Amino acid sequence: MSHFNFIAKEIRSQNQLKQLHAQLIQNSLHNQDFWVAQLIHLCTRLHAPPRYATRVFYLAPQPDVFVCSNMLKYHSQMGATNEVFALFDQMQEANVKPVAFVYPLLIKSSGKAGIQFHAHLLKRGLNYDKYIQNAVMGFYCKYGAIESARELFDEMPERTIADWNSIISGYWNGGNEVEAQKLFDLMPEKNVITWTAMVSGYAKVNDLESARRYFDKMPEKSTVSWNAMISGYAHNGLAEEAIKLFNEMMSFGLKPDETTWVAVVSSCSMLGDPGLAESLVKRIAEKGTCPNHFVKTALLDMYAKCGNLNMARKIFDGLGECRNLVTWNAMIAAYTRVGDLASAMELFHQMPKKNVISWNSIIAGCSQNGESAMAIELFKEMIASKDLKPDEVTMVSVISACGHLGALELGNWVANYLTENQIRLSISGCNSLIFMYSKCGSMRKARKIFEEMENRDVISYNTLITGFAAYGSGAEALELLSKMKQESMQPDRITYIGILTACSHSGLLEEGKAVFKSIKDPDIDHYACMVDLYSRVGKLDEAKRLIDNMPMHPHAGIYGSLLNASRVHKRIDLGEFTANKLFELEPENSGNYVLLSNIYASAGRWEDADRIRGLMKAGGVAKATGWSWVEHGGKIHRFVVGDHSHKLSDDIYRVLGEMKKKMMVAGYMADKSCVLRDVEEEEKEEMVGTHSEKLAVAFALLISEPGAVIRVVKNLRVCRDCHTAIKIISHLEKREIIVRDNNRFHCFRDGLCSCNDHW
DNA sequence: ATAGGGTTAG
């Protein structure tokens, strides 16, 4: 027996555990209470799967108090509350009198019902066992009832170091740095646990300098202390620091344990460096550490973030019964990161249990992969089930989805949900609200959120500036820039892109030039904005000169502005030049062919126009599919050219027909005669009017209150024909129509559009 | 037997 006892202490992996198990069977020791208790103890230490642990438990014909207690501890560690209490009931039925140490476990497992359990213990007079007292205190700390914990602490006739440590951790738990510090200074005697609690406490409130100060001052350090410091760095995104400290730990000849590896591996995930990942895996193998499921999950995440999805999936599959919520969530996030929503969705539906992070992962995944409507549907599903409360992360994704859709009704509903459910937003949460209102064209509300924020970061400014830029409010954008300077907030490259775009959309040439001059290191995007600005105000030769003199290679976006301006100003020479550059840079973009063809057409050079159209067809260049949508009744109604899929399709076409008739009668089509020349039937159909924009506007006319503002969103640029048509509709129907395309707003009122585009 | 460190989402 002593021989096996020695072996038991050396067991470090589940495989070794199974070997020991086999040996016990050979020696017919496997069903003795002592050994069953030992095996269960090892299951707890090694996080063995529940199926195995349960099998071991049933080996004992009549489990004694130790077998039961160890099993209870196992269940407690696995968070299997039901099993903990079922076993406790069993023990009472079998008259196995629980030893004191079972009670702390029961308190831990009883969750928020622990308070009743405490009463139960008081009744039985068990309250004065020092372990139970400590456990009750720990319970109060865990659920944030720090005052009750303190009451117990103060009433204690004598306090152990463990009691001091518990109460200090309790204060750290609630982020109460001051009180934790006070008690630490008051403590008559401290141990390594006390010091480590201080390190991890400061790390928790993101004060890594103080954490490090305590870490360096510690009279002795355990592996846990090192882990606390390394994880502290990892949690705060300081991956390099974490790895540096880990190397230092190794140079002291200390042995890293699983927790160390978890922190180091997760730091490596942040860096996304596949080479580092590979060397790390090698080091883990060299050290002979057998990765537990924490390490494996961290490795899974690391492989996924370093681009090796196959390896990640292999670990996921290999984890089998050890898969938990975190593993599933990590794998789902891995798929959404590469845009594989189908696989992510499949896993999401397969997972046996979900938590807030599961929902957040899938909602954010949809939101970031262009499936905003799906993100909102999932959110509705989440709150309908009522067993999980959305948090700020959920809301940020949902708010951002509303923004992408331009769905103001939904956005307002979500904002209401925030106040009703008292979800506080941090800076980035408020930023997402600014983004949402900006994208919905509600600049007044966007500004209000901005102004009511207690603290703002550069992203707050950039988001609002970008909003004003899209809305064509150059003056407001410039005002924000000077406000930034007043408040000594440093503008970054995004700020300047926003400001220059704003100048461009408002035709503020001199202001734009001055800002451009003030940028220290303008990059290619700033040049692109300037080319756009010159182009829009009609200074095409200056735009060309800027392109010729810029210190970097121009990209497609730069020529794009100039090509469009060449069409507006009928500059065939520049149009040909820029179009040819663009055919080289992005041969599959149909827009460039269409633009050049239109330049020729407007000059009456039909043969050239046809030649370019032919070139496009020969090159197999397909037009990008455009769609438009309207928000109504909390739903998104989407349309494509010639769409008949909508429920109200017949009515929509009726309204559209009426519009067309009115337009024809009023003679609006006259100036468009050039486009109604000899074209193919299919093309004519498109030009006359079943564009997605027109269908969306017709739908909005059909369902909205008379006189109400119509809001339409288009995924691509609003096309020229539609622009003209919507102008006319706004005049005929006396309606304000706001159309948002991929980068700006067109506000149509009484036959005019707010944008400076010359079609 | 009680107290300190762990993986996932914006």
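A note on names: the letters A, B, ... follow the listed sequences, proteins ahead of strands, and every chain is numbered from 1. Keep in mind it's a predicted model, so treat the numbers as computed, not measured.
Within the structure, every pair that satisfies the side chain to side chain donor-acceptor pair (under 3.5 Å) test and touches residues 235-252 of chain A, not counting sequence neighbours, is listed here: A/Asn247-A/Arg283. Counting only residues at least two apart or on different chains, the side chain to side chain donor-acceptor pair (under 3.5 Å) pairs with a member in residues 321-335 of chain A are A/Arg313-A/Tyr335, A/Asn324-A/Thr327, A/Asn329-A/Asn355, A/Asn329-A/Ser358. Counting only residues at least two apart or on different chains, no side chain to side chain donor-acceptor pair (under 3.5 Å) pair has a member in residues 372-381 of chain A.
Ranking B/dT7, B/dG4, B/dG5 by closeness to the A/Ser225 side chain, first place goes to B/dG4. Across B/dG5, B/dG6, B/dA9, the shortest atom-to-atom separation from the side chain of A/Ser361 is found for B/dA9. With B/dT8, B/dG6, B/dG10 as the candidates, the nucleotide lying closest to the side chain of A/Val393 is B/dG10. You'll find that the side chain of A/Asp301 is closest to B/dT8, out of B/dT8, B/dG6, B/dG10. Closest to the A/Val396 side chain, of the nucleotides B/dG6, B/dG4, B/dG10, is B/dG10. Checked against B/dA9, B/dT7, B/dG4, the side chain of A/Ser200 finds its nearest nucleotide in B/dG4. The A/Val262 side chain lies nearest to B/dT7 when the options are B/dG4, B/dG10, B/dT7. Closest to the A/His235 side chain, of the nucleotides B/dA9, B/dT7, B/dA3, is B/dT7. The side chain of A/Ser266 lies closest to B/dT7, out of B/dA3, B/dG10, B/dT7. Checking B/dA9, B/dT2, B/dG4 against the side-chain heavy atoms of A/Ile193 singles out B/dG4 as nearest.
A/Asn292 comes within 4.0 angstrom of a base, heavy atoms only. Heavy atoms of A/Asn355 sit nowhere under 4.0 angstrom from any nucleic acid atom. In this structure, A/Glu258 reaches the bases: a heavy-atom distance under 4.0 Å links it to at least one base atom across the strands shown. Contacts of A/Val265 with the nucleic acid, taken as non-hydrogen atoms under 4.0 Å apart, are absent. Residue contacts shown for A/Ala333 are limited to sugar-phosphate atoms, with no base heavy atom under 4.0 Å away.
For B/dA9, one of the phosphate oxygens OP1 or OP2 lies less than 4.0 angstrom from a side-chain nitrogen or oxygen of A/Arg337. Listed pair A/Gln133 / B/dT2 fails the phosphate criterion, with no side-chain N or O lying under 4.0 Å from OP1 or OP2.
For DNA chain B, the neighbouring residues in residues 179-191 of chain A, judged by any heavy atom under 4.0 Å, are A/Asn191.
Defined by atom type and a distance below 3.5 Å, a donor-acceptor pair is missing between the side-chain atoms of A/Ser432 and A/Ser400. In summary, the side chains of A/Thr194 and A/Asn165 do present a donor paired with an acceptor at a separation below 3.5 Å, with no hydrogens or angles considered.
To the nearest 0.5 Å, atom SG of residue A/Cys402 and atom CE of residue A/Met436 are 6.0 Å apart.
For the pair A/Asn324 CG and B/dA9 P, the computed distance is 14 Å after rounding to whole Å. Rounding to whole angstrom units, CZ of residue A/Arg159 and P of B/dA3 are separated by 19 Å. In this structure, CH2 of A/Trp328 is placed 16 Å from C1' of B/dT7, rounded to the nearest angstrom. For A/Lys204 and B/dG4, the NZ to P distance is 11 Å, given to the nearest whole Å. Following rounding to the nearest Å, A/Met198 (CE) and B/dA3 (C1') show an atom-to-atom distance of 14 Å. Taking atom CZ of residue A/Phe294 and atom P of nucleotide B/dG5, one finds them 12 Å apart after rounding to whole Å. Atom CD1 in A/Ile315 sits roughly 14 Å away from atom C1' in B/dT8 (whole-Å rounding). Remark: P of B/dG6 and CH2 of A/Trp226 are 17 Å apart, rounded to the nearest angstrom.
Residues A/Met249 and A/Thr223 meet the side-chain proximity criterion, which asks for heavy atoms closer than 4.5 Å.
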Can you list, pair by pair, the side-chain donor-acceptor contacts under 3.5 Å of residues 178-189 of chain A, counting residues two or more places apart and other chains?
{"from": "A/Glu179", "atom 1": "OE2", "to": "A/Arg150", "atom 2": "NH1", "distance (Å)": "3.2"}
{"from": "A/Gln181", "atom 1": "OE1", "to": "A/Tyr202", "atom 2": "OH", "distance (Å)": "2.4"}
{"from": "A/Gln181", "atom 1": "NE2", "to": "A/Tyr214", "atom 2": "OH", "distance (Å)": "2.7"}

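The base of B/dG4 sits with one of its N or O atoms less than 3.5 Å from a complementary donor or acceptor on the side chain of A/Ser222. For B/dG10, the base has a donor-acceptor partner in the side chain of A/Glu392 [N/O atoms by modelled type, under 3.5 angstrom].
Residues passing the ring-ring contact (aromatic ring centres under 6.0 Å, His included) test with A/Phe435, sequence neighbours excluded: A/His404.
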